[in-house]
Amino acid sequence: MLPMPSQSPHDSNAIMVSGLSFFYGKHAILTDVTFSLGEKGFIGLIGPNGAGKSTLLKILLGILHPSSGEVNIFGKDPREVRECIGYVPQHTVVDPWFPITSKEVVLTGILSRKKVLRRISSKEKSQVLRSLALTNMTKFANTQIHTLSGGERQRVLLARALVGERKILLLDEPLTGVDAPSATELYRFLKDLSERMLIILVSHDVGVVSSYVDKIFCINKTVHTHESVEDSLSNLEKVYGCPVDLIAHGVPHRVLRDHTDDNS
Amino acid sequence: MTIAELFEYTFIRHALIAGVLASVACGIIGAFVVTRRIVSIAGGIAHASFGGIGIAAFFGISPVLPALSFGALSGILLSLLGKKKGSLSEDTGVGILWATGMSIGVLFLSLSKGYTGDLFTYLFGNILTVTVRDLIGLAILDTGIILLIFAFFKELVSISFDEEFAEARGLPVLMLQIILFFAIALTVVVLMKIVGIILVIAMLTLPSATAKRFASSIKKLILYGIAVALVDIAIGLLLAFRFDLPAGASSVLVATVVFLLAQLVPRHLH
């Protein structure tokens with residue numbers, strides 16, 4: 001465990017996690033996770049499969065509850081601050097053949113417990129249109145989603161996550177099935193957004209993520225944070241538990257390593 | 001015999017009105033059954049409802065409330081099963097409720113004294129013997145279904161499209177699921193007289209599956225589903241009358257043919 005950076009009482013922590021553990025039956029998915037994040041920034045969350053990345057996101061969303069430890073978002077329980085958090089789930093969750101238009105998808109982002117049995121206001125309708133404009137999807141507003149490309153569908157899901165005034169954005173592998181140019185465009189978009197809000201992106205694509213994010217969290221049951229992106233990358237082996245070859249941009253050191261043997 | 005002459009028969013008029021009322025239920029509920037892929041759950045609720053019919057026959061009371069209770073109870077049990085990720089899967093639960101409901105129904109029907117010729121009617125429907133009282137009952141049930149679904153419409157669409165996201169938004173997913181399953185139980189009671197319990201699944205699936213090919217939104221899916229169901233039931237009714245065939249089965253076969261024909265039509269891109 002690395003020593004925690006000192007926290008003054010004036011630190012405006014958006015997310016504070018302390019001693020978080022999560023068990024699925026007897027299985028430990030997360031053990032003793034502790035970190036804190038400020039109100040702005042672009043954080044990459046990487047790690048091998050089954051390491052607990054999606055679980056951590058779900059705990060931050062209030063869908064799953066910690067077995068032990070504390071999670072505070074803006075000083076409150078995650079379930080109380082749902083209005084502030086935007087979420088883009090893994091793409092496999094969504095059925096592209098569902099009869100729904102882009103505008104209707106984004107509209108579901110407005111819904112909450114408070115809106116049950118209440119009509120959608122015109123202010124909310126214009127929020128939907130604004131979100132579509134922000135992600136450049138206005139011309140697809142009334143198009144059924146199955147006619148869109150993978151990248152366009154992801155932009156719709158992003159618009160859905162951003163509708164309203166979100167302060168934190170959580171994305172779970174948002175770029176699977178998206179072609180490289182669209183992915184780059186999306187990363188740049190997120191990078192710009194991160195100047196105004198906190199963005200946490202879960203990704204397998206270590207190399208590309210590292211070019212855009214400010215910080216990398218490596219997760220394998222527990223979370224390793226580092227002072228710099230370069231530091232994170234050179235510690236990847238520890239996280240993945242095997243020698244890691246990767247190609248990264250903008251990182252001064254050479255990161256292609258010799259394998260001493262071919263077994264991990 | 002011309003169409004006009006046909007309409008002079010009271011029972012034909014009643015049957016057609018019943019068909020319209022049933023189509024409304026099919027179109028609305030079928031849209032969610034097909035897009036949420038809960039066809040087997042709907043089947044489970046339908047067959048479990050039969051237990052209520054047996055109980056009603058045994059006590060000599062109207063089958064509506066007992067059938068609805070059995071159906072609603074199964075719906076609630078299946079919702080809870082789906083939520084808990086335990087060793088009993090929702091799929092197994094459906095099988096158990098399906099078989100148990102049917103068995104209870106058959107058992108109590110066999111124990112019933114008096115007229116049980118209704119057994120065939122409950123299993124396979126008999127739209128040609130619909131009375132005015134039945135029509136009023138159907139209208140009330142339809143109103144219930146319409147009110148429930150449209151009150152929670154935007155939330156039901158949300159959980160059908162992306163349940164995980166809806167949960168993250170804090171929507172009461174379990175409650176909405178139970179509401180939907182209760183509406184299915186209501187629809188089963190509506191369709192009992194038209195096609196019978198055994199074929200309820202068909203009318204909850206085929207018209208909406210046909211309509212899905214052409215619908216770009218859930219609202220359109222509901223409207224087109226109602227239209228297709230009405231065509232299926234009307235043609236089935238006419239065939240039954242003309243050739244002295246069971247109306248329920250005829251409607252279902254028409255529904256199948258219509259579905260297959262629809263697959264030949266090129267998809268409309270909106």
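Computed over heavy atoms, backbone and side chain alike; hydrogens, waters and symmetry mates excluded. Residue numbers start from 1 in every chain, and the chains themselves are labelled A, B, ... in the order their sequence lines are given, proteins ahead of strands.
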By a 4.5 Å heavy-atom criterion (distance strictly below it), what part of [X] contacts chain B: side chain, backbone, both, or neither?
X        : result
A:Leu170 : neither
A:Ile85  : backbone
A:Lys58  : side chain
A:Arg79  : neither
A:Tyr87  : both

Should [X] and [Y] count as side-chain neighbours, where that means a heavy-atom distance under 4.5 Å?
X        : Y        : value
A:Val116 : B:Glu155 : yes
B:Lys154 : A:Ile110 : no
B:Val157 : A:Glu104 : no
B:Phe161 : A:Asp95  : no

Give the minimum heavy-atom separation between [X] and [Y], together with the two atoms involved.
X        : Y        : answer
B:Glu167 : A:Arg82  : O-NH2, 3.7 Å
A:Gly109 : B:Arg169 : O-NE, 3.3 Å
A:Arg113 : B:Pro172 : NH2-CB, 3.4 Å

Tell me which of these, A:Val88, A:Leu107, A:Val94, A:Leu117, has more heavy-atom pairs under 4.5 Å with chain B than the rest.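 Looking at each option in turn, the highest pair count goes to A:Leu117.
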
Specify which of A:Leu157, A:Leu61, A:Thr101, A:Ile63 makes the most heavy-atom pairs with chain B at under 4.5 Å.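 If we count pairs closer than 4.5 Å to chain B, A:Ile63 comes out on top.
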
What's the spacing between B:Leu171 CG and A:Thr108 OG1 if we round to 0.5 Å?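 It is 9.0 Å, given to the nearest 0.5 Å.
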
Relative to chain A, which segment of B:Arg37 carries a heavy atom at a distance below 4.5 Å: side chain, backbone, both, or neither?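 The side chain, not the backbone.
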
Can you tell me which portion of B:Ile218 sits under 4.5 Å from chain A's heavy atoms? Options are side chain, backbone, both or neither.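 Looking at B:Ile218, backbone and side chain both touch chain A.
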
Name the member of B:Ala166, B:Ala31, B:Ser160 that forms the most heavy-atom pairs with chain A at distances under 4.5 Å.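 Of B:Ala166, B:Ala31, B:Ser160, B:Ser160 has the most heavy-atom pairs under 4.5 Å with chain A.
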
Determine the option with the most heavy-atom pairs under 4.5 angstrom with chain A, choosing from B:Gly170, B:Ala151, B:Ser158.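 The option with the most such pairs is B:Gly170.
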
Donor-acceptor pair, distance only, cut-off 3.5 Å: does the side chain of B:Lys220 make one with the backbone of A:Pro99?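 Not a single qualifying donor-acceptor pair exists.
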
Can you tell me if NZ on A:Lys167 sees more than 12 non-hydrogen neighbours from other groups inside 6.0 Å?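 Counting neighbours around NZ of A:Lys167, 12 or fewer heavy atoms of other residues, nucleotides or ligands fall under 6.0 Å, so no.
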
Would you say that more than 12 heavy atoms from the other residues, nucleotides or ligands in this model lie under 6.0 Å from the CD of B:Gln263, or not?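 Atom CD in B:Gln263 is packed in, count exceeds 12.
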
